[in-house]
Structure formats: structure tokens, C-alpha cells
Amino acid sequence: MGEPALDVPACLDRVRRGDDDAARDLVVHLYPLVIKIVRAHLPRRLAEEDLAQDVFLKVFARLEQYRGVVPFEHWVSRVAVTTCINQLRAQRRRPELRWADLSETEAEVLDAVLTGQIEPHPGEAMAARELVGMLMEQLSPEDRLVITLLDLQDKSVAEIQRITGWNATLIKVRAFRARRKMRRGLAELEKKKKT
Amino acid sequence: MMKNDAWNKLAALARKAPAPAEDGVPFGFAARVVALSKTHRETEPSPLAAWEWLSFRSLALAGVLALASLAINYDLLTPGQPGDLAMADPGVDTLAEP
């Protein structure tokens with residue numbers, strides 16, 4: 001038998017009254033949600049635990065601003081997304097991805113994808129994930145977020161709206177722009193390989 | 001067309017990558033976050049702090065201006081001697097002596 005679900009509104013009341021146990025319960029309850037967002041948008045050279053800690057500190061610092069208009073988890077998601085975007089903004093974008101930057105497996109996967117002659121082995125999924133991560137480092141944090149949620153996490157536009165608070169048109173425009181950049185990046189990599 | 005498919009193929013393959021293990025909260029993480037948030041709250045200046053600082057400055061400045069104003073206009077504010085009025089305003093003399 002699992003633990004009973006946390007009564008979030010009651011817990012928030014206790015946190016606002018300065019109850020440390022309730023604050024710890026809230027962190028434990030929200031950790032899976034926060035760490036998922038953090039892992040999907042983690043900048044280079046930053047530990048996921050440090051970024052998750054930043055997110056929670058912001059949540060507690062801004063708790064008085066939460067009015068209960070949206071579910072608390074959605075509000076926390078938006079705080080997490082904003083924190084990650086700010087961290088990604090602070091990080092310099094990768095200037096350009098070269099074929100020489102790729103590991104052997106990544107190069108094989110990319111070759112297979114670009115030529116379309118062989119179907120990549122599912123075991124090479126991790127390499128593909130790494131490769132996508134490297135390509136996405138050339139995108140703006142906002143474009144990167146949208147394409148991660150849409151194309152890698154299979155989220156719907158409505159779900160992304162809930163997580164980010166952005167409107168549907170903005171999400172679609174960003175997705176279009178991000179995919180175009182990804183395709184251009186892949187085409188350039190292919191060109192470099194040939195030369 | 002093939003190039004356009006390349007991104008979709010790569011993304012589809014990347015989606016198959018196993019998600020990181022859903023491990024729970026690291027040991028001591030919740031306690032550390034709660035302790036840090038309390039420290040931040042105690043050390044963080046209140047949004048009214050700047051306003052308070054400005055108000056105290058303004059109060060001190062207002063006090064100095066009031067004192068300066070009193071000093072400059074001291075003569076006008078203090079009741080003068082009986083003869084001073086006639087010297088200050090000859091019109092009053094005219095009214096007093098028809």
C-alpha cells in the first residue's frame with residue numbers, strides 16, 4: 001500500500017504558517033515533477049540537483065504570489081521552466097557542431113539517419129539522444145524547450161501551454177522555427193562530412 | 001524531402017532512449033532546501049526596505065529644511081516690541097493718528 005496523496009492546499013497553508021515538516025513534505029511531493037523538467041532542460045556544466053534546488057528556493061520565495069488560479073503543480077512547472085530558461089540563457093550557445101565533435105556511435109547514427117539507407121538500431125537511441133542534445137544547444141532556450149516537449153517528450157500543444165503559460169500560436173511558431181534550425185543543422189553537418 | 005525526414009527520424013530514435021531512473025528525493029535534499037529557503041527569507045531585504053530607507057532620508061531632510069526655514073524667518077515669527085510695528089509699517093501710524 002502506497003503513501004496517501006498529499007493534500008496540497010492544506011500543506012500550503014501549513015507552509016505559509018512556517019511549518020518546516022510541511023515544507024519538506026511539499027519538496028518530496030514536487031521533486032519528481034521538478035527533476036523531470038530540470039533533466040529535460042539542463043544546461044551544460046550544471047548539476048541537476050543544484051538547478052532543482054534553485055527551483056525550490058524560488059517556489060518558496062514566491063509562495064505568497066500563488067493565488068490558486070491554476071493547480072499548484074502547474075504553477076511550480078512554470079517556475080521550473082523559467083528557472084531553466086534563465087540558466088540556459090546565461091550559458092553561451094555552442095558555436096557550431098562539427099562532425100569531429102561526434103563520438104563513433106553518434107556519427108554512425110547520424111549517417112544512418114541522413115542517408116536513410118539503413119534503419120538505426122534501437123540500441124543506438126541513447127546516442128541519438130546525445131546527438132539531439134548537442135544540436136539543440138544551438139537553439140534559443142525557448143525554442144529548445146518547445147522542441148524538447150513536443151518532439152522528444154511527445155507532449156501536446158495544450159500540455160505545453162499548461163507547463164509554460166505560452167499561447168498556442170507562440171508554441172507553434174517556436175516549434176516551426178526550432179525544427180527548421182534542426183533540419184538546417186543536420187544538412188550542414190552532412191555537407192561538412194562530404195567535404 | 002529526405003533531409004526534412006532526417007530530423008523526424010532522429011527525434012523518433014531519441015524518444016526511444018530510456019528515461020533516467022525515477023529515483024526519489026536525494027538524501028537530505030528536502031531538509032537542505034527548507035533550511036536554505038528560511039535563511040534566504042531572513043537575509044533577503046523586504047520589498048519595502050528601499051522605501052523605508054527613502055522615507056527616513058526624506059524625514060531627516062524635511063526636518064533640516066524646517067529648521068532652516070525657522071532660522072531664516074525667526075524675526076517675522078517672534079512677537080516684536082511695541083515700537084517695531086510703527087517702524088515696520090508707516091501705514092499703521094497714519095491710521096492711528098487721524
Side-chain angles (χ1 to χ4, degrees), chain A residues 15 18 20-32 35-36 39 48-49 52-53 55-61 63 109-110 112-116 119-133 135 147 150-154 179-187 189-190, chain B residues 1-70:
Chain A
V15 173
D20 287 355
D21 289 336
R24 279 192 287 271
D25 288 347
L26 199 62
V27 172
V28 172
H29 172 71
L30 294 169
Y31 187 81
I35 203 67
K36 208 172 171 186
R39 277 177 185 159
E48 61 181 34
E49 209 177 299
Q53 182 179 294
V55 172
F56 280 110
L57 290 179
K58 281 193 181 136
V59 165
F60 284 121
L63 207 55
V109 167
L110 188 57
V113 165
L114 287 172
T115 55
E119 286 301 311
H121 191 269
E124 291 168 333
M126 278 308 289
R129 190 76 185 222
E130 288 286 317
L131 189 56
V132 166
L135 279 166
I147 208 167
L150 262 182
D151 288 358
L152 299 181
Q153 294 184 6
D154 255 345
R179 285 184 185 131
R180 195 177 53 190
K181 280 184 194 164
M182 289 290 95
R183 284 169 184 144
R184 204 181 294 154
L186 284 168
L189 261 178
E190 190 181 22
Chain B
M1 190 64 199
M2 186 272 293
K3 280 195 184 72
N4 283 355
D5 286 338
W7 166 248
N8 293 338
K9 273 189 178 180
L10 189 63
L13 186 63
R15 273 200 299 273
K16 289 180 189 158
E22 284 287 327
D23 36 6
V25 188
F27 181 74
F29 180 83
R32 190 172 70 235
V33 166
V34 172
L36 277 172
S37 80
K38 282 180 87 174
T39 317
H40 277 228
R41 245 177 286 161
E42 280 159 15
T43 54
E44 207 170 85
S46 135
L48 294 175
W51 182 243
E52 278 171 24
W53 178 84
L54 197 66
S55 302
F56 281 123
R57 285 281 170 113
S58 308
L59 195 65
L61 186 68
V64 170
L65 285 174
L67 286 174
S69 172
L70 271 174

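None of these values were measured; they are calculated from a predicted model. Letters go in sequence order (proteins before strands), and every chain restarts at 1.
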Exercise. Which salt bridge (charged side-chain N to carboxylate O under 4.0 Å, His left out) pairs, counting each pair once, include a residue from residues 23-32 of chain A, with sequence neighbours left out?
Worked result: A:Asp21-A:Arg24
For this session: For the residue pair B:Leu13 and A:Leu131, establish whether any side-chain heavy-atom pair is separated by less than 4.5 Å.
Result: no
Exercise. What are the two closest non-hydrogen atoms of B:Trp7 and A:Arg179, and how far apart are they?
Worked result: NE1-CG, 3.8 Å
Problem set entry | Side chain to side chain, B:Val25 and A:Ile35, heavy atoms closer than 4.5 Å | no
Problem set entry | Contact check, side chains of B:Val33 and A:Tyr31, non-hydrogen atoms, under 4.5 Å | no
Seminar exercise, completed: Cut-off 4.5 Å, heavy atoms of chain B, and the answer for A:Ala52 is both
Problem set entry | Sorted by number, residues from residues 61-68 of chain B in contact with chain A (heavy atoms, under 4.5 Å) | none
Seminar exercise, completed: When rounded to the nearest 0.5 Å, the distance separating CZ of B:Arg15 from CD of A:Gln153 is 11.0 Å
For this session: Please step through side-chain contact (heavy atoms from CB on, under 4.5 Å) for the pair A:Arg183 and B:Asn8, ending with a clear verdict.
Result: CA-CA 9 Å; A:Arg183 284 169 184 144; B:Asn8 293 338; 3.4 Å; yes
Exercise. Taking all non-hydrogen atoms of both residues, which atom of A:Leu57 and which atom of B:Ser37 are closest, and how far apart?
Worked result: CD2-N, 3.5 Å
Exercise. Taking the side chain as C-beta and beyond, is there a heavy-atom pair between B:Lys38 and A:Asp20 under 4.5 Å?
Worked result: yes
For this session: Heavy atoms only, distances under 4.5 angstrom: which of A:Asp151, A:Val28, A:Val27 has the most pairs with chain B? Name it, please.
Result: A:Asp151
Exercise. Quick one: what part of A:Glu49 sits under 4.5 Å from any heavy atom of chain B, side chain, backbone, both or neither?
Worked result: both
Exercise. What are the two closest non-hydrogen atoms of A:Ala125 and B:Ala17, and how far apart are they?
Worked result: CB-N, 3.5 Å
For this session: Quick one: pull up CZ in A:Phe56 and CG in B:Leu36 and give me the separation to the nearest 0.5 Å.
Result: 13.0 Å
